Structures are given as C-alpha cells and as structure tokens.
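Contents: one structure, followed by commentary.
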2 protein chains.
Amino acid sequence: MKEFKINDPQPAFIQLLSFFKALADEKRLKIIGLLAQKPQSVENISAALGLSVSTTSHHLSRLSKAGLVSARAEGYYSIYSLNTEKLHQMSQQVLQPQNLPELAPEAVEDVFERKVLNAFIDAEGRIKAFPAQQKKFLVLLRYVVNAFEPDTTYTEKEVNEILLRFNPDTAQLRRSLVEHHLMSREGGGGQYWRTDETP
Amino acid sequence: MKEFKINDPQPAFIQLLSFFKALADEKRLKIIGLLAQKPQSVENISAALGLSVSTTSHHLSRLSKAGLVSARAEGYYSIYSLNTEKLHQMSQQVLQPQNLPELAPEAVEDVFERKVLNAFIDAEGRIKAFPAQQKKFLVLLRYVVNAFEPDTTYTEKEVNEILLRFNPDTAQLRRSLVEHHLMSREGGGGQYWRTDETP
DNA sequence: AAATTAATTTTACAATTATCGAATTAGATT
DNA sequence: AATCTAATTCGATAATTGTAAAATTAATTT
C-alpha cells in the first residue's frame with residue numbers, strides 16, 4: 001500500500017479536478033463524443049470540429065493527461081481512442097456522496113460563532129454581557145452547556161455553581177438553557193441534565 | 001423573461017458542459033466538499049477557502065446556475081446547501097457510454113478517404129492513376145466495389161465490363177479486389193460476387 | 001537521399017474567467 | 001428612522017486558457 005499522507009496534497013482531489021477540467025470545454029466534450037463512435041486520427045477529428053490540427057492536438061493532449069483517451073501510432077498517424085473504463089470509473093466512483101466531504105479543506109470553525117464568542121466572552125471565559133440578538137445568545141448558551149457532562153444529572157445547586165463560572169445571573173442562564181432545549185429538567189424536582197444532541 | 005427554446009442546440013450537451021465547467025475549478029470543488037459536510041453561510045465558506053466574500057458569492061452563483069447548490073434565506077444570511085440528488089443524477093446518468101456518441105457533432109466523412117478520392121478520381125469518376133501506397137489503393141478499391149450489387153454473382157466478362165468504367169487495367173483491379181477480399185471468386189470457374197461486409 | 005505526410009511543440013495572441021474592492025441591495029437591530 | 005450586517009452586483013485587473021500559424025519531429029514514400 002502507498003503512503004499518501006506526507007506532503008501529498010490529496011491526489012484524489014487533483015485527479016478529480018483534472019478530470020473536470022479536461023471535460024469543461026465544448027470542443028473536448030465533442031471529441032469524447034466522436035471517439036465514442038470510433039477511434040480516429042487527429043486530422044479527422046479536427047475536420048469534424050472545424051478546428052486547426054494544432055489546436056486539436058492540444059485538446060487531445062489534455063484529455064490524454066487526464067487519462068480519458070489514448071493514442072496508438074499507426075503509420076505516421078496517431079489514432080486516438082476513448083478510454084471507456086476510465087470514463088466509467090470516474091463518473092461512477094468519484095462523485096459518490098461519501099467521498100465528497102474529503103474534497104473540502106479542513107473545516108473552519110464557524111465564523112459567526114467565533115465572532116460572537118470574541119465579542120461576549122472575556123479572557124477568563126466569562127460572559128461579559130448578554131446579547132439581545134437571540135442567535136448570538138444561542139451561541140453563548142451552546143458554549144456554556146459544554147461545561148456539563150453528557151449523561152449526567154445535576155441538582156439545581158450544582159447547576160448554579162457551574163453557571164456561576166460564566167455569569168452572576170445564573171437564573172437567566174439556567175432558564176434559557178432549558179427554554180432552548182439545551183438542558184432538560186425533570187418535572188417537579190431539581191434534577192437537570194444535558195439534552196442529548198442527537199435529535 | 002428570456003426565450004431559450006428557439007435555436008437551442010442540444011440542451012443535454014449544454015447542461016453537461018455547464019456541469020463540468022461548474023466543477024472545473026479548485027475553489028468550487030472545495031465548496032462542494034464543504035457543503036457536503038453541512039449547509040453554510042457565504043461568509044463561512046469564504047473563510048474556509050481564504051477567499052473574499054464577493055469571489056465566493058460569484059462561485060456559488062456559478063454552482064447554483066448549474067443546479068448543484070441552492071440557497072435559502074435565513075435572516076440576512078444566505079445558507080447554501082448541496083443538491084445531492086442533482087449531483088448524483090449527473091454523475092450517474094450523463095456519462096453513460098450509450099449517451100456519449102450524441103455529444104459529437106454530425107460525423108464527418110473520413111478526411112483521408114476524401115483526399116485520396118480527390119487525388120485519384122477524375123470528374124467522370126474514373127481512376128486517373130494507381131497510388132503506390134497500399135492504404136490509398138484500398139480506398140480506391142472500396143470505391144470501385146460499390147459498383148457491384150451485394151448478393152449478386154457476375155461472370156468474369158461482366159466484371160470486366162463494369163471495371164472498364166473505372167480504368168482500362170481491368171485485370172489488376174479484378175485481381176486486387178479478390179486479393180483484398182472485397183470480392184470473392186468461386187474456385188475454378190469465372191463466378192464473382194461482392195464479399196459480404198459483415199465479418 | 002529527397003520529398004511527402006501527419007502530428008507535436010513552440011510562439012503569440014485573443015477570449016475567458018478568477019479575483020478583489022467598492023457600491024448597492026435586502027434584512028435586522030437599536 | 002437610522003444604523004448595522006450579510007450578501008450580491010459592478011468595475012477593473014491579473015491569470016488562465018483556447019486558438020492558430022510557424023517550426024520541429026517522426027515516419028513513409030519515391
């Protein structure tokens with residue numbers, strides 16, 4: 001097996017990109033269509049497309065680099081033919097949903113959230129002020145709720161102790177956490193727990 | 001609204017081309033990867049890609065025109081998400097081998113053959129001279145053999161009469177036609193017929 | 001050997017397009 | 001109403017790329 005990790009910037013990405021670039025041209029797409037009918041010489045292709053031979057040769061070279069066509073020498077002709085397996089392989093494999101996320105650069109933390117946290121959390125991790133905008137407030141609540149362990153129950157007193165690390169107004173925080181379903185409370189008593197994230 | 005219908009050359013071709021063009025860019029391919037993870041705002045995407053917001057917006061617009069992503073307004077955000085069905089549909093359907101030939105322009109008659117015929121056949125359809133190159137000579141033979149009906153037997157005399165319309169050297173023509181298996185001859189007698197083309 | 005032929009490579013240019021900043025639009029907040 | 005925020009559109013520029021003519025290469029024919 002190969003080691004792709006070190007210094008190799010996603011060969012799959014490069015390959016996919018050159019595949020799309022190879023086919024992202026009117027003339028080259030038509031060449032694919034021509035070669036799907038039968039293998040042909042460069043001159044023949046250029047006549048069918050109304051292009052000069054040199055331009056056609058250039059296009060064929062690009063398709064060839066992407067592995068979509070290949071040429072065999074026959075006399076002083078180059079007879080190009082379609083690599084149907086390659087074409088099939090690319091169209092089948094590479095755009096499968098499960099492979100797509102790998103195309104992305106490392107996911108960046110949400111810009112909006114970072115902005116809000118920068119604006120309302122001080123260096124000690126405490127909430128400086130409560131934003132009026134609900135969306136921003138929710139960001140803070142999600143930040144706060146991380147202080148609670150999943151699958152653990154807390155008394156109201158314990159909850160308040162933890163919330164006090166963020167802001168003196170523990171009542172509002174506690175109430176909001178429950179309101180927005182980030183924490184759950186058992187009906188009458190003082191039992192709290194972090195709501196399961198999976199919906 | 002615009003009228004797209006009239007003079008619309010192969011909508012399938014156009015659609016396929018714009019599909020490939022949409023994905024033939026590094027940044028846009030990465031956007032696909034990002035949106036495959038989760039729907040995101042323009043600002044978030046631009047941060048992940050290291051691009052300006054306006055450039056990102058432009059890329060998203062291109063992807064959107066190709067039908068690969070769509071946006072929903074949420075507050076003053078545009079949350080873009082991936083159209084996975086469309087992506088799946090395109091990658092599955094459109095590059096299937098049986099559809100490929102339709103991408104080509106109307107097939108042009110073979111350039112080499114046309115050249116040879118122009119060079120060696122006069123205005124009356126007669127062979128001006130016999131080319132030394134075997135490949136060219138074969139083109140002439142295939143041209144000549146069309147004067148014979150399929151599934152018909154001819155005597156040697158009839159064959160010579162027909163060949164005389166092309167060139168006085170009927171003996172060479174007759175012999176070459178048989179040699180190259182364009183016509184068949186019954187063992188001893190003088191019965192000739194056009195060889196069936198299907199191999 | 002000289003001439004011919006098909007293809008590739010090189011060079012130069014025109015067309016396209018990716019990019020960004022500035023201006024504008026649409027929506028939300030104060 | 002005035003302000004703020006995210007997104008889009010516009011205008012300009014830089015980079016890419018499709019195109020063809022000319023020069024070169026490779027193979028064949030005379």
Side-chain angles (χ1 to χ4, degrees), chain A residues 17-18 20-31 40-47 49-66 69-80 110-113 115-116 119 129-137, chain B residues 17-18 20-31 40-47 49-66 69-80 110-116 118-120 129-137 139:
Chain A
L17 184 57
S18 79
F20 285 126
K21 282 193 167 180
L23 294 175
D25 177 86
E26 177 199 341
K27 302 299 167 56
R28 286 198 289 271
L29 206 48
K30 285 182 176 169
I31 289 178
Q40 293 181 56
S41 70
V42 177
E43 192 175 22
N44 224 44
I45 297 169
S46 71
L49 296 178
L51 285 180
S52 77
V53 175
S54 65
T55 301
T56 306
S57 182
H58 165 249
H59 283 315
L60 287 166
S61 154
R62 272 180 78 75
L63 287 172
S64 178
K65 269 174 194 150
V69 306
S70 45
R72 67 167 195 277
E74 188 169 296
Y76 36 49
Y77 295 82
S78 291
I79 305 296
Y80 278 87
D110 196 79
V111 172
F112 176 75
E113 291 195 2
K115 274 189 189 172
V116 172
F130 290 105
Q133 225 173 322
Q134 167 165 314
K135 204 158 185 167
K136 295 181 180 174
F137 188 53
Chain B
L17 185 58
S18 80
F20 285 127
K21 282 193 168 179
L23 294 175
D25 177 88
E26 179 199 338
K27 302 297 167 54
R28 285 197 291 270
L29 205 48
K30 285 182 175 168
I31 289 177
Q40 294 181 54
S41 70
V42 177
E43 192 175 24
N44 223 44
I45 297 169
S46 72
L49 296 178
L51 285 180
S52 76
V53 175
S54 64
T55 302
T56 305
S57 182
H58 164 250
H59 283 315
L60 286 167
S61 155
R62 273 182 77 77
L63 287 170
S64 178
K65 269 176 195 151
V69 307
S70 46
R72 69 168 194 276
E74 189 169 294
Y76 36 47
Y77 294 83
S78 290
I79 304 297
Y80 279 87
D110 196 79
V111 171
F112 176 75
E113 291 195 2
R114 194 174 59 218
K115 274 188 189 175
V116 171
N118 282 340
F120 292 93
F130 290 105
Q133 227 173 319
Q134 166 164 317
K135 205 159 184 165
K136 295 180 181 175
F137 189 53
V139 171

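So that the names make sense, note that chain A is the first sequence line, chain B the second, and so on, each numbered from 1. Being a predicted model, the structure only gives us computed values, none of them experimental.
- In this structure, B/R72 contributes its side chain and B/I79 its backbone to no donor-acceptor pair below 3.5 Å.
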**Heavy-atom protein contacts under 4.0 Å, nucleotides 20-30 of chain D, coded B base, S sugar-phosphate only, - none** = BBB----BSSS

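- If you check D/dA7, C/dT19, C/dT9 against the side chain of B/K27, the one that comes closest is C/dT19.
- Look at NZ on A/K30: it is 14 Å from C1' on D/dG18, rounded to the nearest Å.
- Comparing the axis of the opening five pairs of the helix from C/dA1-D/dT30 to C/dT30-D/dA1 with that of the closing five pairs yields an angle of 10°, rounded to 10°.
- Between the CD atom of A/E43 and the C1' atom of C/dT8 there is a distance of 14 Å, given to the nearest Å.
- B/L23 has its side chain out of reach of A/L17: every pair of non-hydrogen atoms, C-beta onward, lies at least 4.5 Å apart.
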Pick out the pairs of N or O atoms, protein on one side and nucleotides 11-13 of chain D on the other, that lie under 3.5 Å.
none

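- The distance from atom NZ of B/K21 to atom P of C/dA15 is 15 Å, rounded to the nearest whole Å.
- One interatomic measurement links the two molecules: CD1 of B/I79 to C1' of D/dA7, which rounds to 11 Å at whole-angstrom precision.
- Whole-Å rounding puts the A/Y80 OH to C/dT8 P distance at 4 Å.
- The minimum heavy-atom distance linking B/A66 with B/S18 is given by the pair CB-O, 4.0 Å.
- Listed by chain and number, the residues in a side chain to side chain donor-acceptor pair (under 3.5 Å) with B/K30 are B/E26 (sequence neighbours excluded).
- Distance CD (B/E26) to C1' (C/dT19): 13 Å, rounded to an integer number of Å.
- At whole-Å resolution of the value, CG in B/L63 and C1' in C/dT17 are 14 Å apart.
- The side chain of B/H59 places an N or O atom within less than 4.0 Å of a non-bridging phosphate oxygen (OP1 or OP2) of C/dT19.
- With sequence neighbours left out, A/Y76 forms a ring-ring contact (aromatic ring centres under 6.0 Å, His included) with no residue at all.
- Among the nucleotides C/dT8, D/dT8, D/dT19, the one closest to any side-chain atom of A/V42 is C/dT8.
- The side-chain heavy atoms of B/H59 and B/L51, taken from C-beta on, include a pair separated by under 4.5 Å.
- A donor-acceptor pair is defined here as one N or O able to donate and one able to accept, closer than 3.5 Å; no such pair exists between the side chain of A/R62 and the backbone of A/S57.
- Distance, B/L60 CG to C/dT17 P: 18 Å, rounded to whole Å.
- The one candidate from A/D25, A/L29, A/I31 that meets the side chain to side chain contact (heavy atoms under 4.5 Å, CB included) condition with A/L63 is A/I31.
- B/H58 comes within contact range of at least one nucleobase, with a heavy-atom separation under 4.0 Å.
- Looking at heavy atoms from C-beta onward, B/N44 lies in side-chain contact with B/S41 at the 4.5 angstrom threshold.
- Relative ring orientation between B/F20 and A/F20 is described as tilted, the plane-to-plane angle lying within the 30° to 60° band.
- Of all non-hydrogen atoms in A/K27 and A/L49, the two that sit nearest each other are O-CD1, 4.0 Å.
- Qualifying side chain to side chain donor-acceptor pair (under 3.5 Å) partners for A/S52, counting only residues two or more places apart in sequence or in other chains: A/S54, A/T55.
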